[in-house]
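One structure is given below, encoded as structure tokens.
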Amino acid sequence: MDSQAKSFDGPVLECRDLCISYFTRAGEIPAVIDFNMTLEQGGSIGLVGESGCGKSTVAMAIMRYLGGNGAIVGGQVFYKGRDMATFSEEELRQLRGNEIAMVYQEPMASLNPSMTLGRQLMEVPLCHENISEEEAYKRARQMLADVNLPDPDRIMSVYPHQISGGQQQRVVIAMALLSNPSLLLLDEPTTALDVTVEAGIIELIGQIAEKFNTSMVYISHNLGLILETCDRVNVMYSGVVVESGTVTEVFDHMRHPYTKGLFGCIPLPGASKTARPLVPIRGQLPLPHQRPPGCYFGPRCDFFQKGVCDREGLGMTSVPNEPGHDVRCRRWQEIDWDSYHPEGVGAGEMEPGEVVLSIDDMKKYYELTDNSIAALISGKRVRYVKANESISFDARSCQTVAIVGESGCGKSTFAKVLMGLETATDGKVVFNGKDISQEEVQKRTPEQIGSMQMVFQNPFDTLNPSHTVGSQLARVIRKFGVEKNKDRIEQRVMELLDLVKLPREFARRRPRQLSGGQKQRVGIARAFAGNPTTVVADEPVSALDVSVQAAVTGLLMDIQKTYRTTLIFISHDLSLVRYLADRVVVMYLGHIVEQGTTDEVFAPPYHPYTEALLSAVPIADTSVEKTRIILEGNLPSVTNPPSGCVFNTRCPRKIGEICETQDPPVVEPTPGHQIACHLSREELARMKPVIVMAEEASPPAAE
Amino acid sequence: MTDQAVSVPRRESPMLRVVKGLALIRESPVGMTGLAIIVFWVLVAIFAPLLAPFPPNQPGLPLQPAGGAALDGGIYWLGTDQLGRDTLSRIIYGSRQVLLYAPLATFCAYLVGIPMGLAAGYRRGLVDDILSFIANVILSFPVLVLYIIIIATIGASGINIVIAVTFASAPGVMRIVRGLVLDLRNREYVFAAETRGETPWRIMLVEILPNARGPLIVDACLRLGYVVITIGTLGFLGLGLPPPDPDWGKMVSELRQFAIVDPLLAVYPCIAISSLVLGFNLLADGLREVSLRD
């Protein structure tokens, strides 16, 4: 079977009318319905869709690994022309390691923490092929070099926790490639990683396709990543493929209202909160056992027509002149796609007012006591973790200040100091005319606390599951002394629910009865309960699906406009930051490396780190051209930061020794735009934009 | 926003919610079996005067085998002890003691253990070090020796059993609560409460504790079973309730001396103890099974 399978030259994988169901207490729940896909040798198909649309289920079905309660209830999967239902258990086992390999989201979950990486890698060929240990070692080492890991010999001998997340994911990919599979399934392989690390992995995945001629199925919720990795894409919604075609067809001439809606939700370059606001898709994803008849997207669709769209038996239709571009919609030909531009929720112009929050040279150090003997002898027992170093910026009322940086850059510590969970080591945090840097939250007055509140990141964690939504909001109102009377408090709770556009009955509900986006709305309502002048939003939408993201972002800006609130927006998502921020502060390892207005930061001159960040962000627009800058190395540890400029270990524009020895000076190319870098003004001025829209790129640069 | 009438949210009482949650046990056959055994013993305890054929302390024909006839024409269904007291009646009345003191002692252990665990898990640092040290010292004693020391010091009585059991089990409860709190304290709703300046005790009791209830209810059921065994053991060692009140453990210890006459005599109270313990354990298993499902 092996030799025949390896030399097969038809499509590697074919799914025909695949239907997958899960069987639960509530009965049969169809997870994937009528799924068709043909993957040619060396091709790559992206599966894109929001959470719960069945994209991971498809991958598990291809592996024939659906767990105890899942089953394929209809259709076939052909692997190299052979129906997978006819494979025996033994053949499937051979297939899984040898021919089909899978890479999951969380690298640590795929690696055994108690074995050295070398041992784990060697197991793959040792298990599937009859070769010697030395041969296996050589192959494993070579593969580590192939996935661009520095110093493969060291990596072979260490345990998983001793390397960084990005390196772990590279090892997992190396492990998947070791058996030279014909098919690689990647399930959100970069979702758990930082953008600059993600960019490296994406580049690697692109090289694999060329180097090993591996076919790939790439699962992601991020349209930008699909654009960078795949040549075909299937857009899924609630268990069905609503549109499939080549990436350019689907991205440039989408013919399904859901695909169109999805693109309207993501902040592409050019979108802005004033001129071209995002358009959220109204409503919610239907639960799998409550799907509407006919088109599942019907209730959320602008083109829904009774009697047409809710008829059963909706199949895929092909787009003429574009073979392979299929759409699951009855009305797509009637829709005038060129003039369809739904109205978004814009914020309108907002004139920033007086300075509300002023941070001046704020420092936050954590003390670490080292009790080792070496430390006792040298006398250096106390070390400092410099979580925040010399942070200075102002925020005005009605202004959105975004703080951008990757994990470990000190964003969260900064938020903690603002909220009074930690006190600053040095410097000033002046809020409404009073220095609060040394005042813990218990020492602040209810007005002070109420006027600075926070919106948290994780919608599943932000509300207490034991209390009703109403009682949680009421508690905040009482705590801040906004209202005292019981009836007035209830009235205020209702007003807050109205404010975040949730039905009033929700006051009686418990958080688990709410969807992620609804919980996040309650989280926003809670933050606005005390009529705050400043709201700190720590990645408020990063855990939400794109269509919900747009709605929550719109809501946040809407409320901000009504109350003229200052918004401190902490995020790693540069596209979103460009869309909604007025000012941007870029942080790296606790230092501010660049700050300025959004236009200044997103256009040259850049700080080299900002430049790299910008180039790493995947953009779901085929007309955008990006300069590729892949950062080498890992984020240094905060306990032992590099001397001189903190970015010098990874900087692609490093100019020499000066970067390692001296702190970089702050350059101001334009007033208010600050860059902390050793590069001269002339060099900074010579920088070219990282992201170029196709139209703008046509006239050659005058140089 | 028009002036429409504000719909006042009705509050569901927390008790009702716990009952509703516990009602899920219907879906677990194991749990239902356990619950049936417990309900059986509870009913026996409540209706003891109606069910028992003889008064528990009334002497009669000594050491009768099961099914022997009494002088007044009644039948000793499970035989009699050395003083001629009916074993069945004594088991029935003995269930009252067990079902009173076991839940009471468990409740007290939780009453002491929960605040300790909350404080240790939430405050961390020195508070945690001290409380954990005390708990470790207590837990490092052999349990039986501990009981003997306590009861020997303060004397044998129902309330002293409760004190002894509380002293010996509270550290275990504390450890479980501490572990749960260590996980829950990092939730964002706890941060949210901190950032609005809530007092630590309010955060512990209102924000954290209700979310730990699931594992704690399961643990309470298991612990009830252990306490039943403990009370039996104390009775067996003569450290339980003072005579002549019927006590399952004491009955085993008295009747086992007459195993030569009829080995089965001592087995009946043993069955009573183990069935009740089994009931609690099955219920705990069932609750865990139900809570693990979505």
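Chain identifiers are assigned alphabetically (A, B, ...) following the order of the sequence lines, protein sequences preceding nucleic acid strands; residue numbering begins at 1 within each chain. None of these values were measured; they are calculated from a predicted model.
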Within a radius of less than 6.0 Å around CZ of A:Phe23, do more than 12 heavy atoms belonging to other residues, nucleotides or ligands occur? yes

A:Arg526 versus chain B, heavy atoms under 4.5 Å apart: side chain, backbone, both or neither? side chain

Chain B: which of A:Met419, A:Arg475, A:Met454 shares the most heavy-atom pairs with it under 4.5 Å? A:Arg475

Segment of A:Leu421 engaging chain B (4.5 angstrom heavy-atom cut-off): side chain

May I ask you to test the B:Val165-B:Cys108 pair for a side-chain heavy-atom distance under 4.5 Å? no

Can you check whether A:Met452 reaches A:Thr534 side chain to side chain, under 4.5 Å on heavy atoms? yes

Are any non-hydrogen side-chain atoms of B:Arg223 and B:Ile176 less than 4.5 angstrom apart? yes

Report, as yes or no, whether the 6.0 Å neighbourhood of atom CZ on B:Arg202 holds more than 12 heavy atoms from other residues, nucleotides or ligands. yes

Give me the contact list for residues 435-442 of chain A versus chain B, heavy atoms only, anything under 4.5 Å, ordered by residue number. A:Val441, A:Gln442

Quick one, A:Phe528 and A:Thr565 - any side-chain contact, counting heavy atoms below 4.5 Å? yes

Contacting moiety of A:Phe460, where chain B heavy atoms sit under 4.5 Å: neither

Hey, does A:Val500 have a side-chain heavy atom less than 4.5 Å from the side chain of A:Ile559? yes

Strictly less than 4.5 Å between heavy atoms, which residues of residues 181-199 of chain B line up against chain A? Please order them by number. B:Asn186, B:Arg187, B:Glu188, B:Tyr189, B:Phe191, B:Ala192, B:Glu194, B:Thr195, B:Arg196, B:Gly197, B:Glu198

Assess, by modelled atom type and distance only, whether the side chains of A:Gln457 and A:Ser542 contain a donor and an acceptor separated by less than 3.5 Å. yes

Would you say the side chain of B:Asp219 lies within less than 4.5 Å of the side chain of B:Tyr110, judging by non-hydrogen atoms? yes

Answer yes or no: is there a side-chain heavy-atom contact under 4.5 Å between A:Asp558 and A:Lys501? yes

A:Ser451 side chain near A:Phe480 side chain, heavy-atom distance below 4.5 Å: no

